[in-house]
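Structure, as structure tokens:
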Amino acid sequence: MGRRLLFLGPPGAGKGTQAVRLARAIGVPHISTGAMLRQAVADGTELGRQAEAIMTAGDLVPDELMIALVADRLGQDDAACGYLLDGFPRNVHQAAALDSAIGEGALEAVVLLDVAEDELVARLLQRARQEGRADDNEDTIRRRLHVYREETAPLVGYPEHRVEVIGIDGAGTVDAVFSRIVASLAESR
Ligand code: ADP
């Protein structure tokens with residue numbers, strides 16, 4: 001069965017980690033706009049050149065670039081039987097664009113990962129030390145959390161009347177959180 005899922009949650013909540021695992025488990029592509037942008041930067045494409053400084057500052061890459069990128073990705077063959085979206089939409093405008101691209105109510109569920117802000121900052125600083133991601137320094141982390149609160153968090157209420165929002169406690173080990181996600185999705189079907 002095709003499944004269309006969306007992962008939502010603040011930076012550092014573990015979206016990427018959990019999304020990769022879940023996508024593999026249910027056999028759908030993991031579509032991460034953050035990963036696509038980092039790849040574009042690494043490849044030195046036109047998109048990468050436009051996005052690099054914005055990402056390093058912790059701001060959002062312009063909607064029209066992101067909407068075109070995601071529309072193109074969703075149109076590829078492997079997305080025909082479902083996908084797990086991670087990192088898009090990030091504001092109300094992107095959410096409206098997604099609705100018109102896939103049709104209102106086309107998402108099966110939104111998985112919302114919830115983690116306390118102190119814990120988010122601690123995790124992101126830890127990742128900064130381990131992976132050296134350019135946007136994991138302290139100023140950028142604060143900026144990304146602010147952008148999430150202002151622009152992305154309001155989306156949690158936005159799809160509620162037509163898409164089930166499954167809240168998941170993101171505290172604890174990767175395995176513990178993954179088990180919670182799988183159990184909640186099984187219940188929701
Ligand atoms: P995180 O969830 O840890 O903030 P992501 O990997 O999802 O990280 O995104 C990293 C950066 O890529 C964001 O801070 C932003 O600059 C850019 N980005 C990713 N997705 C989008 C999007 N949908 N719209 C605008 N910018 C985006």
Side-chain angles (χ1 to χ4, degrees), residues 1-26 28-37 58 60-61 63 66-67 70 73-74 79 82-99 101-124 127 135-136 141-189:
M1 188 195 88
R3 308 193 74 176
R4 295 180 172 78
L5 301 172
L6 170 65
F7 263 50
L8 213 58
K15 281 191 313 287
T17 307
Q18 299 295 337
V20 166
R21 275 182 81 157
L22 184 64
R24 202 171 291 148
I26 64 179
V28 298
H30 171 222
I31 300 182
S32 160
T33 48
M36 290 164 81
L37 289 172
L60 294 185
V61 175
D63 288 338
M66 298 311 300
I67 290 166
V70 171
R73 183 65 189 85
L74 290 175
Y83 43 79
L84 202 165
L85 258 183
D86 165 12
F88 183 99
R90 249 180 165 86
N91 61 27
V92 177
H93 185 202
Q94 294 182 10
L98 180 65
D99 271 350
I102 68 174
E104 277 192 24
L107 287 176
E108 176 190 329
V110 174
V111 174
L112 174 65
L113 270 182
D114 185 38
V115 175
E117 182 146 339
D118 289 353
E119 172 69 15
L120 294 175
V121 175
R123 287 186 188 182
L124 289 165
R127 185 170 75 185
D135 60 351
D136 276 345
I141 288 169
R142 258 191 215 107
R143 178 72 195 151
R144 281 156 64 207
L145 287 169
H146 175 82
V147 169
Y148 178 80
R149 265 196 309 272
E150 294 292 312
E151 302 212 33
T152 312
L155 295 184
V156 173
Y158 173 82
E160 215 154 32
H161 49 294
R162 47 200 161 74
V163 183
E164 182 176 13
V165 177
I166 301 172
I168 301 285
D169 175 7
T173 65
V174 170
D175 284 345
V177 176
F178 185 67
S179 302
R180 277 175 217 142
I181 294 172
V182 170
S184 301
L185 277 172
E187 255 171 50
S188 79
R189 298 182 84 176

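Hydrogens, waters and symmetry mates play no part in the numbers below; they use all other heavy atoms, side chains included.
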With distance as the sole test, does [X] use its side chain to make a donor-acceptor pair with the main-chain N or O of [Y] at under 3.5 Å?
X     : Y     : answer
Gln94 : Arg90 : yes
Thr33 : Gly87 : yes
Arg21 : Gly16 : no
Lys15 : Phe7  : no

Electrostatic pair [X]:[Y] at N-O distance under 4.0 angstrom:
X      : Y      : result
Glu117 : Arg142 : no
Asp136 : Arg123 : no
Arg3   : Glu108 : yes

Validation row: [X], [Y] side chains within 4.5 angstrom (heavy atoms):
X      : Y      : result
Ile166 : Glu164 : yes
Leu6   : Pro89  : yes
Ile168 : Ile181 : yes
Leu145 : Leu120 : yes
Leu74  : Ile102 : yes
Val111 : Val165 : no
Leu8   : Thr152 : yes
Leu22  : Leu185 : yes

Which atom names give the shortest non-hydrogen contact between [X] and [Y], and what distance separates them?
X      : Y      : answer
Tyr148 : Pro154 : O-CD, 4.4 Å
Gly82  : Pro29  : O-CD, 3.3 Å
Val177 : Ala171 : CG2-O, 3.6 Å

**OP:** Please report the C-alpha distance between Met66 and Asn91 in whole Å, then the side-chain angles of each, then the deciding distance to 0.1 Å, and finally whether the side-chain contact (heavy atoms from CB on, under 4.5 Å) criterion is met.
**Re:** CA-CA 11 Å; Met66 298 311 300; Asn91 61 27; over 6 Å; no
Original post:
Rounded to the nearest 0.5 Å, how far does CZ of Phe88 lie from CZ of Arg73?
Top reply: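 If I round to the nearest 0.5 Å, the distance is 13.5 Å.
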Subject >> Reported NE2-to-CG distance for the pair His30 and Leu5, which is rounded to 0.5 angstrom >> reply: 11.0 Å
Subject >> Worked check of side-chain contact (heavy atoms from CB on, under 4.5 Å) between Asp169 and Asp114 >> reply: CA-CA 5 Å; Asp169 175 7; Asp114 185 38; 5.8 Å; no
